[in-house]
Amino acid sequence: MSGETSLSAKWTRPDDFIKLQRLKQKKKQLAARVSSNNNNNRIIELDETDKCKLLEAKIAQKRKNPFAKSIDGAKKQKIDDPTIGDSLTPSTECFVRETPTRPQPAKLVLQKFDAQAFAKLLHQQHAAQADEEDDAALAARQKHTSHLPMDWCLKTRIRFFCPIELPATQLKTSQLASGLTSFVRCFDTNHSESTLDISDATRFNQCTYYWQHPHLPWLTLFPRSAKENNGISIGDRERKALAEEWDYSFRGLFQLLRARQCPYFYLCANSFTVLFRAAGCGGRPEMHALVTPSTRGMRNALRQEGIEYSMPLKKDANGGGSLNGSLTDEQSNEAKPKPETDIDATKEQQPGEDEDDDDEWLESLGVDERELRRIQTTHARKLQAAEMSEDFSDNSLLLIEGVECQGLFSYLLNAKSTITSVGRLAGVPPTLLSSVAFPKATMQHLVPRSKKVRLDGVDYHSIDIKGLLLPTFLPSVAALLCETRQMFSATLASSLNTLSFSKATQKLLETAPEESKAAGETESGSGQVFGEQNLSECGLLPAVVGSICRTGQHAVGLLERVCYQRGEGYAWS
């Protein structure tokens, strides 16, 4: 027992250790107080070696607030001249306060070496005057129209700018529900009696919907060449199911087009795109279809099916387009320039008789049979090369009208090239896009994003939308903004594969028959009204239907930038 007590006496308990530490701290504090009382009038000299004293001195110092506003020498600017202060409008005062007094210097930009830079510097004043004159002349030549041209190519992005606040993109429950109901039931909320919300945000939301089939969330079906589709394979069972669903959907959509319950729709395959339009659209009195781009193999397949077509954008010997639907590509290449009155005679000519006459003439001259075959082969290769020169280009667009559209519909249903078996989207049927509902379709929604931009001291409100934009989207939104906004502008990005749709429609309107031109504006106006009446129940707004059926000058155009000013109209480029 005595051994245990001796060991416990040697060890220090925790409580005793804490008491010793507290005593040491009290001694230090007491020593610091005594030294501070003795040296009240002296400056504290810190010993760098003593870390404890240095830390206490730093804590004793008052910390300076880094976010405090310096008031030394800060005085408010006063306006000496009272007349200037009175003449400032509220907008001018706001601009003066927000504009910094010292603008930030512009960044230096290295220019390419120009040997004539010194000579240009001498004439800089004259060049500036010339630029101002050019801008004034360009503004004077700019034409304004009361209507917006129709652009039939698909858009991938659009951005609206307006100095006034644009429709809200963050929707309330009533706005979201009313916009969805108006789109599905094809309501014109602004001119119909209903209990739905009729605000600008609701009407803008109604314009952001469209219908698509098929819809596979893990695949990008427009554009079909997207890089996100790599490494995706579909089994035979899925391919068969997709083909059956697409067959039924395509049939129902085509029947809607024939009954004029659908004004237009797109069929986007891997290698080509088809635009089907109802009678009255684009100034055409019959149902028609535009196919772009086309190849020699596709054209041969259409000829074998007995489908007649024309190539409005193809350049012939005269440099114009070939609008004769009964002529084949080889005949159009061999044909010489002839007046329009001889078209019927050209149709009746048979190229086989000319070739037989040429062969007999060469045989009469003693040309060997082998040499004759070589000449024929060389001639056939030249014709084939000339025929394939414009494949996969805008000039290869095909126009199919009237009853021939039924043949094209059957061809697309049964052709093996419609659904490819290799590639990024192997086994996936073409994408069907429409502005109205059709069987098996899925409703899609565009997501707008609103921003606020400041340019040259002026605040602009903008809405940016990325995605698939159908041709009727811009006229619908433009009709909405024209009612409540004094001015706005829009910038668009187009899909390059569909630019030929607008080019061909514009070319067809410009090359109308002479009889319709001589008839005057009355008949063309009556034809437009007749087309609008036929499409009055297609599910689109009346203003949009008028844009689709409009004929005449500036009815169709490629739009990249659109500006609107109330009182002047639309200007575009």
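One-based numbering along the sequence shown.
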For Asp200, is there an ion pair with Arg485 - N to carboxylate O distance below 4.0 angstrom?
yes

List the atom of Tyr309, the atom of Arg303, and the distance in Å for their closest heavy-atom pair.
OH-NH1, 2.7 Å

Could you pull out the closest heavy-atom pair between Tyr570 and Cys482, with the gap in Å?
OH-SG, 2.8 Å

Taking NZ, NE, NH1 and NH2 as the nitrogens, is one of them in Arg203 or Glu483 under 4.0 Å from a carboxylate oxygen of the other?
yes

Arg159 versus Thr491, side-chain donor and acceptor atoms under 3.5 Å
no

Checking side chain to side chain donor-acceptor pair (under 3.5 Å) for the pair Ser500/Thr292: CA distance, chi angles, key distance, verdict?
CA-CA 7 Å; Ser500 55; Thr292 182; 3.0 Å; yes

Taking the side chain from His147 and the backbone from His554, do they hold a donor-acceptor pair closer than 3.5 Å?
yes

Run the side-chain donor-acceptor check on residues 162-169: report pairs under 3.5 Å with partners two or more places apart or on a different chain.
from: Thr169; atom 1: OG1; to: Ser450; atom 2: OG; distance (Å): 3.2

Under the ring-ring contact (aromatic ring centres under 6.0 Å, His included) rule, collect the residues that match up with His445, sequence neighbours excluded.
Tyr209

Donor on one side chain, acceptor on other, Thr295 and Asp391, under 3.5 Å
no

Name the one of Arg157, Arg449, Lys452 that satisfies salt bridge (charged side-chain N to carboxylate O under 4.0 Å, His left out) with Asp464?
Arg157

Between Thr498 (side chain only) and Leu154 (backbone N and O only), is there a donor and an acceptor less than 3.5 Å apart?
yes

In a table with atom names and distances, give each donor-acceptor pair under 3.5 Å that connects a side chain of residues 266-278 to protein atoms at least two apart or in another chain.
from: Tyr266; atom 1: OH; to: Trp152; atom 2: O; distance (Å): 2.4
from: Asn270; atom 1: OD1; to: Arg224; atom 2: NE; distance (Å): 2.6
from: Asn270; atom 1: OD1; to: Arg224; atom 2: NH2; distance (Å): 3.1
from: Asn270; atom 1: ND2; to: Thr420; atom 2: OG1; distance (Å): 3.0
from: Arg277; atom 1: NE; to: His288; atom 2: NE2; distance (Å): 2.9
from: Arg277; atom 1: NH1; to: Thr505; atom 2: OG1; distance (Å): 3.1
from: Arg277; atom 1: NH2; to: His288; atom 2: NE2; distance (Å): 3.2
from: Arg277; atom 1: NH2; to: Thr505; atom 2: OG1; distance (Å): 3.2

Apply side chain to side chain donor-acceptor pair (under 3.5 Å) to Asn497 and Ser495, showing your working.
CA-CA 6 Å; Asn497 297 331; Ser495 176; 4.7 Å; no

Restricting to non-hydrogen atoms, name the atom on Ala243 and the atom on Ile419 that form the minimum distance, rounded to 0.1 Å.
CB-CD1, 4.5 Å

Check Ser494 against Lys155 and note the closest heavy-atom contact, atom names and distance.
OG-NZ, 2.5 Å

